[in-house]
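These notes concern the structure reproduced below.
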Amino acid sequence: MTSQTAPPVAPPPLSSPLRLIGTIAHLGFMAFYGAACFTVLGTLLTTGVGGLAAFGLGVLLLVAMVYALFAAAFLETARVEGLYGFGMPMLRARRSPKRGFVGFLHTIWLQFIDGGMWRAIAHLAIATVLGWIAVALVAALVAAVAAAFAPLYAPPNARVLWDLLPLESGWAPVAGIVVAALALAALVGVALLHGVLARVLIAPIREAQLAAQARDAVNQRHEAIRASDVERSRIERDLHDGVQPRLVSVGMTLGLAQQKIDTDPERAKELVAEAHTSTKAAITELRQLARGIHASVLDDRGLDAALSALASRSHIPVTLDVRMSQRAGRDAEAAVYFAIAESLTNAAKHSRASAARVVVRDRPDAGALWARVEDDGVGGARVIPGGGIDGIQNRIAALGGTARLDSPAGGPTSLEVSVPCAS
């Protein structure tokens, strides 16, 4: 299923009355929310650094601080987007391509040096300071309005404006109006400054993410080209090593039968029967080759049925666990199907596995189709350029998905793929 999106609507200007009122309300909230955020972050930092010598417990707090920084940056970016409507995609957590504990440490480091996160944190700090200024200006505005009406309730020569100015009742309204005008003008200035700083600090995240998306699109195009090259090479190899020699053998056998049909009819019949058997084998290989190019059952009955047929043809027992609430896109289903087919083939041929398990889930909330294949073989699978696993990764990457191989020596081997699909 596909969905149509409405054309983007230009956000109102920063100086619109509703935008200014909303900004002032945000700043009033940020005065207290920002202070609480930085209190938590500061506590995690100081306690973490101080606890480094305490059996490494401080490391856990510092890791928590990194994720707390990302959470605060994510919420700040969402707040600014909700207020101003810059059209920014939300911040995404960084992830290392490496595996294991080294990959975890690398992920933490990549998140810590993420420029977009630190720009959002800097904006959070500035918004907190502006929030306290806005709170003070609102307090001044309320006091000034109260002073403007002082003749109605205050005795002559009363002290107004926080008891700082001893004014006669006749002058109190003038002072109140002047201070109120100045406070209101300062509030508008602070709100406009917040919007300008948001454009300077937060909006560049959008440009950086759009540039990253453009790079991803180029990479996907290259991966698609590589995937097609690997697939073409596989088809040529299967034809050259399988079907072609068998058909040549059929031709030679029929030629011999033709020569003996008059002198040795019985032998000629045996040769024709042999050619017939080889022809059926060639047809079977051609069907398997065609199934390797595209499984028609995917279009007719869906991924669940296609995987059931695949499992029934497998040389090792396969346990299927497929739960899909709806059909995914044709390309996504095909990519997942061929990834599972190649994994099962590798499990039977190379890993000496005795059983395999296939789990497939659709994830509508993430707009993705996810699958995992695990066998109990000896492990040690590697990505070889032009090999089957390389073809899987290229095909998945061409659709903007991810493929993760985990195959330690001694096993087990697992392959996880996640492919975006239309919803």
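Numbering starts at 1 and runs along the sequence shown.
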Requested in this report: Decide side chain to side chain contact (heavy atoms under 4.5 Å, CB included) for D321 and V358; before the verdict, give the C-alpha distance in whole Å, the side-chain angles of both, and the deciding distance to 0.1 Å.
Outcome: CA-CA 6 Å; D321 183 5; V358 176; over 6 Å; no
Query raised in the report: Are V66 and W109 close enough, and set up right, to give a side chain to side chain contact (heavy atoms under 4.5 Å, CB included), and what steps lead you there?
Result: CA-CA 9 Å; V66 174; W109 174 250; over 6 Å; no
Query raised in the report: Nearest 0.5 Å, what's the CG-CZ distance between L62 and F112?
Result: 9.0 Å
**Report entry** Step-by-step side chain to side chain contact (heavy atoms under 4.5 Å, CB included) determination, T23 to V190
**Finding:** CA-CA 9 Å; T23 303; V190 168; over 6 Å; no
Query raised in the report: Any side-chain heavy atom of V417 sitting closer than 4.5 Å to one from W370?
Result: no
Query raised in the report: Is it true that a side-chain atom of R357 and a backbone atom of R372 form a donor plus acceptor pair closer than 3.5 Å?
Result: no
Query raised in the report: Heavy atoms, side chains only, cut-off 4.5 Å: are T43 and L41 in contact?
Result: no
Report task. State whether the number of non-hydrogen atoms from other residues, nucleotides or ligands found under 6.0 Å of F38 atom CZ is greater than 12. Result -> yes
Query raised in the report: Out of curiosity, L182 CG to L187 CG, how far, rounded to the nearest 0.5 Å?
Result: 11.5 Å
Query raised in the report: For the residue pair F70 and W118, is the inter-centroid distance of their aromatic rings smaller than 6.0 Å?
Result: no
**Report entry** Heavy-atom side-chain contact between S414 and V373 under 4.5 Å
**Finding:** no
Query - Within-4.5 Å side-chain heavy-atom neighbours: H194 and Y84 - result: yes
Requested in this report: Please round to the nearest 0.5 Å and tell me the distance separating atom CG of L184 and atom CD1 of I177.
Outcome: 13.0 Å
Report task. Show your reasoning for whether side chain to side chain contact (heavy atoms under 4.5 Å, CB included) applies to I108 and Q111. Result -> CA-CA 5 Å; I108 298 297; Q111 190 58 60; 5.9 Å; no
Query - Min side-chain heavy-atom separation L307-V322 under 4.5 Å - result: yes
Report task. Measure the CE-NE2 distance between M30 and H123 for me, rounded to the nearest 0.5 Å. Result -> 8.0 Å
Query raised in the report: Who passes salt bridge (charged side-chain N to carboxylate O under 4.0 Å, His left out) against D376, sequence neighbours left out?
Result: none
Query raised in the report: Would you say W132 and L27 make side-chain contact, with heavy atoms under 4.5 Å?
Result: no
Requested in this report: Using atom types as modelled and distance alone, determine if a side-chain donor or acceptor of T47 lies under 3.5 Å from a backbone N or O of L44.
Outcome: no
Report task. Quick one: list whatever passes salt bridge (charged side-chain N to carboxylate O under 4.0 Å, His left out) with R79, sequence neighbours left out. Result -> E76
Query raised in the report: Is the backbone of A191 close enough, under 3.5 Å, to the side chain of R19 for a donor and an acceptor to pair up by distance?
Result: no
Report task. Over all heavy atoms of both residues, which pair between G379 and T413 is shortest? Give the atoms and the distance, please. Result -> CA-OG1, 3.3 Å
Requested in this report: Indicate yes or no: at least one non-hydrogen side-chain atom of V80 is less than 4.5 angstrom from one of L201.
Outcome: no
Report task. With rounding to the nearest 0.5 Å, note down the distance linking CG in L369 to CD in E333. Result -> 7.0 Å
Query raised in the report: CD1/I121 to CD1/I126 distance, rounded to the nearest 0.5 angstrom?
Result: 12.0 Å
Requested in this report: Answer yes or no: is there a side-chain heavy-atom contact under 4.5 Å between L197 and L130?
Outcome: yes
Query raised in the report: Would you call D406 and R404 a salt bridge, taking side-chain N to carboxylate O under 4.0 Å as the test?
Result: no
